[in-house]
**Student:** 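Pasting in a structure now, in structure tokens, and then I'll have a few things to ask.
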Amino acid sequence: MPKKIVAGNWKMNLTFTEADDLLNEIAELLENETIEAQIVVCPPHPYLEMAGDVAKESSFAIGAQNLSPFESGAYTGDVSSAMLKSMEVTYCIIGHSERRKYYNEDDKMLTAKVNQAIEHQIIPIFCVGEALPEREAGKHFETVRHQVRHGLFHLDTNEFSEVVIAYEPVWAIGTGVTASPEQAREMHAYIRQLIDERYGKEVADTTSILYGGSCNAKNAAEIFSQQGVDGGLIGGASLIPKEFLAICKAVK
Ligand code: 13P
């Protein structure tokens, strides 16, 4: 069985004090709860240390939103996998459509980031997903196949076994429009089939594949109950403590 995971991607939101409040509210809410899923909180880099401190007393893990494709050295502004690892960061989002779009992160760059993460025992949450024109042209499988193959399939079986995949259709991100349960189920099954063809059934059956895109407390249970959906990558709703908790609880 794949591990169930709900990860909150805070994106570029919140001041230091607001982040402190949110972390503590999440920790407080989790105190009396038994959640089936591994909860991962992914704040902006400057708040990772604070998040790590709160997480020590709570049940959630810490993820970063980005890491450098390079090991170390003269890369002004970059944050390396070794640095993240030294701050108890367990996961890192890689290949998010916002970084692909606004920072032109291509397959080569993403492969380098995945390699850095794996080398430093950070679990990549590797995002894939088609844009609306691709969906409308019936090319969504083709797009996702390309992203999965070119971003991840250079890994050997042991390395790939560490990876989490998030299917985030670009048209569903921040739009209030989620993929239908059917669309999510179909794409998750397709991704699992690709993994099966490359790494075999055992790996395919244990890879966590999360859904992301306008998940909220109202729609999470239906999406998460679909065959092959192992949890979610949550944007906007992860900034609202009770909403985030409700989404975490929707994983069965
Ligand atoms: P929203 O949940 O705000 O649509 O964002 C999804 C996302 O991009 C998570 O990485």
**Student:** Minimum heavy-atom separation for Val229 and Tyr211, please, with both atom names.
**Tutor:**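 For Val229 versus Tyr211, the nearest heavy atoms are CG1-CB, 4.1 Å.
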**Student:** Kindly indicate whether the side chain of Val251, heavy atoms from C-beta on, has any atom under 4.5 Å from the side chain of Ile35.
**Tutor:**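 Heavy-atom side-chain distance check fails, nothing below 4.5 Å.
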**Student:** If we check side chain to side chain contact (heavy atoms under 4.5 Å, CB included) with Ile39, which of these qualifies: Leu245, Leu30, Ile5?
**Tutor:** Leu30
**Student:** Quick one: closest heavy-atom pair of Gly63 and Leu48, and the distance?
**Tutor:**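 Reported closest heavy-atom pair: O-CD2, 3.6 Å.
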**Student:** Quiz question: by atom type and distance under 3.5 Å, do the side chains of Ser68 and Asp78 form a donor-acceptor pair?
**Tutor:**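 A pair is found: one side chain offers a donor N or O, the other an acceptor, under 3.5 Å apart.
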**Student:** Would you call Asp106 and Arg99 a salt bridge, taking side-chain N to carboxylate O under 4.0 Å as the test?
**Tutor:** no
**Student:** Would you say Leu110 ends up clustered with Ile209 if hydrophobic residues are merged whenever their side chains have heavy atoms under 4.5 Å apart, either directly or through other cluster members?
**Tutor:**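 Yes, same cluster.
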**Student:** Would you say Ser58's side chain and Glu28's backbone share a donor-acceptor pair under 3.5 angstrom?
**Tutor:** no
**Student:** I need the single residue from Ile191, Leu152, Thr143 that forms a side chain to side chain contact (heavy atoms under 4.5 Å, CB included) with Val128. Which is it?
**Tutor:**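 Single side chain to side chain contact (heavy atoms under 4.5 Å, CB included) partner of Val128 among Ile191, Leu152, Thr143: Ile191.
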**Student:** Between His45 and Leu84, is the side chain to side chain contact (heavy atoms under 4.5 Å, CB included) condition met? List the steps.
**Tutor:** CA-CA 9 Å; His45 282 148; Leu84 296 174; 4.0 Å; yes
**Student:** Working to the nearest 0.5 angstrom, can you tell me the gap between Ile165 CD1 and Leu233 CG?
**Tutor:** 13.0 Å
**Student:** Out of Arg185, Glu182, Gln183, which one pairs with Gln226 under the side-chain hydrogen bond (donor to acceptor under 3.5 Å, both in side chains) rule?
**Tutor:** Arg185
**Student:** If you count the non-hydrogen atoms of other residues, nucleotides and ligands that lie under 6.0 Å from CD in Glu197, is the total more than 12?
**Tutor:** yes
**Student:** Pro169 and Ala179: which non-hydrogen atoms are nearest, and at how many Å?
**Tutor:** CG-CB, 4.2 Å
**Student:** How far apart are the C-alpha atoms of Glu105 and Arg100, what are their side-chain angles, what is the distance that settles it, and do they pass the salt bridge (Lys or Arg N to Asp or Glu O under 4.0 Å) test?
**Tutor:** CA-CA 4 Å; Glu105 295 196 356; Arg100 291 179 191 261; over 6 Å; no
**Student:** Would you indicate whether Glu71, at its atom CD, is surrounded by more than 12 heavy atoms from other residues, nucleotides or ligands within a distance under 6.0 Å?
**Tutor:**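 Count over threshold, so yes.
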**Student:** Do any pairs count as a side-chain hydrogen bond (donor to acceptor under 3.5 Å, both in side chains) and have a residue in residues 241-252, sequence neighbours left out, and if so which ones?
**Tutor:** Glu33-Lys249
**Student:** How long is the span from the CZ atom in Phe126 to the NZ atom in Lys113, to the nearest 0.5 Å?
**Tutor:**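 That separation rounds to 10.5 Å.
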**Student:** So do Phe244 and Val6 actually touch side chain to side chain, heavy atoms under 4.5 Å?
**Tutor:**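 Counting from C-beta outward, Val6 and Phe244 do come under 4.5 Å.
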**Student:** Below 4.5 Å, heavy atoms only, C-beta onward: do Tyr75 and Pro69 meet side chain to side chain?
**Tutor:** no
**Student:** In sequence, state the C-alpha distance, the side-chain angles, and the governing distance for Ser214 and Val177, and then conclude on side chain to side chain contact (heavy atoms under 4.5 Å, CB included).
**Tutor:** CA-CA 6 Å; Ser214 295; Val177 181; 5.5 Å; no
**Student:** A side-chain contact here means heavy atoms from C-beta on lying under 4.5 Å apart; do Ile93 and Asn9 qualify?
**Tutor:**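 The answer is yes, as the side chains (C-beta and beyond) meet within the 4.5 Å cut-off.
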**Student:** Can you tell me how far apart CE (Met83) and CG (Leu67) are? Round to the nearest 0.5 Å.
**Tutor:** 11.0 Å
**Student:** Are Ile173 and Ser97 close enough, and set up right, to give a side chain to side chain contact (heavy atoms under 4.5 Å, CB included), and what steps lead you there?
**Tutor:** CA-CA 9 Å; Ile173 296 177; Ser97 60; 3.3 Å; yes
**Student:** Are Tyr91 and Gln65 close enough, and set up right, to give a side chain to side chain donor-acceptor pair (under 3.5 Å), and what steps lead you there?
**Tutor:** CA-CA 9 Å; Tyr91 293 83; Gln65 296 175 24; over 6 Å; no
**Student:** What distance separates Asp205 CG from Met1 CE, expressed to the nearest 0.5 Å?
**Tutor:**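 CE of Met1 is found 10.0 Å from CG of Asp205.
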**Student:** In a check of side-chain hydrogen bond (donor to acceptor under 3.5 Å, both in side chains) between Glu130 and each of His140, His146, Arg135, which one passes?
**Tutor:** Arg135
**Student:** Quick check on the 6.0 Å ring-centre criterion: do Tyr199 and Phe153 meet it?
**Tutor:**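 For Tyr199 and Phe153, the ring centres are under 6.0 Å apart.
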**Student:** What pairs with Ala82 under side chain to side chain contact (heavy atoms under 4.5 Å, CB included), at least two apart in sequence or on another chain?
**Tutor:** Ser80, His120
**Student:** Calculate, to the nearest 0.5 Å, the distance between atoms CE and CG belonging to Met12 and Asn66 respectively.
**Tutor:** 12.5 Å
**Student:** Please check if Val114 and Ile125 belong to a single hydrophobic cluster, counting links between Ile, Leu, Val, Met, Phe, Trp and Tyr side chain heavy atoms closer than 4.5 Å.
**Tutor:**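 Unlinked, Val114 and Ile125 end up in two clusters.
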**Student:** Do Glu98 and Lys11 meet the salt-bridge criterion of a basic N to acidic O distance under 4.0 Å?
**Tutor:**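 Glu98 and Lys11: salt-bridged.
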**Student:** Roughly how far, to the nearest 0.5 Å, is OG of Ser161 from CG of Leu155?
**Tutor:**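 Those atoms lie 9.5 Å apart.
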**Student:** Heavy-atom count around Glu119 CD within 6.0 Å, excluding the residue itself: above 12?
**Tutor:**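 More than 12 heavy atoms, drawn from other residues, nucleotides or ligands, come within 6.0 Å of this atom.
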**Student:** I'd like to know if Tyr167 and Leu194 are part of one continuous hydrophobic network [Ile/Leu/Val/Met/Phe/Trp/Tyr, side-chain heavy atoms within less than 4.5 Å].
**Tutor:** yes
**Student:** Cationic tip of Arg145 within the cone over Phe141's six-membered ring, i.e. under 6.0 Å and within 45° of the normal?
**Tutor:**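 No cation-pi geometry.
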**Student:** Can you tell me if CD on Glu222 sees more than 12 non-hydrogen neighbours from other groups inside 6.0 Å?
**Tutor:** no
**Student:** Donor-acceptor pair, distance only, cut-off 3.5 Å: does the side chain of Asn24 make one with the backbone of Asp20?
**Tutor:** yes
**Student:** Just by distance, no angles: are the side chains of Asp230 and His188 close enough, under 3.5 Å, to form a donor-acceptor pair?
**Tutor:** no
**Student:** Determine whether a donor-acceptor pair (N or O, by modelled atom type, separation under 3.5 Å) exists between the side chain of Glu142 and the backbone of Lys139.
**Tutor:**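 Side chain of Glu142 to backbone of Lys139: no pair is present.
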**Student:** Measure across Pro124 and Ile94 and return the closest heavy-atom pair with its distance rounded to 0.1 Å.
**Tutor:**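 Closest heavy-atom pair between Pro124 and Ile94: CB-CD1, 3.9 Å.
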**Student:** Quick one: do the Asn115 and His154 side chains pair a donor with an acceptor below 3.5 Å?
**Tutor:** yes
**Student:** Using the rule that two of Ile, Leu, Val, Met, Phe, Trp, Tyr join whenever any of their side-chain heavy atoms come within less than 4.5 Å, decide whether Ile62 and Ile118 are in one cluster.
**Tutor:**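 Looking at the clustering, Ile118 is in the same group as Ile62.
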**Student:** Is there a continuous path of hydrophobic side-chain contacts, each under 4.5 Å between heavy atoms, that joins Phe16 to Leu239?
**Tutor:** yes
**Student:** Considering all heavy atoms of both residues, which atom of Leu23 and which atom of Val41 are nearest to each other, and what is their separation?
**Tutor:**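 Shortest heavy-atom contact: CD2-CG1, 4.1 Å.
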**Student:** What verdict does the side chain to side chain contact (heavy atoms under 4.5 Å, CB included) test give for Val54 and Phe60, after you've listed the backbone C-alpha separation in whole Å, the side-chain angles of each residue and the deciding distance to 0.1 Å?
**Tutor:** CA-CA 9 Å; Val54 179; Phe60 62 86; 3.9 Å; yes
**Student:** Where do Thr207 and Arg192 come nearest, in terms of heavy atoms and distance?
**Tutor:**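 Here Thr207 and Arg192 meet closest at O-NH1, 2.8 Å.
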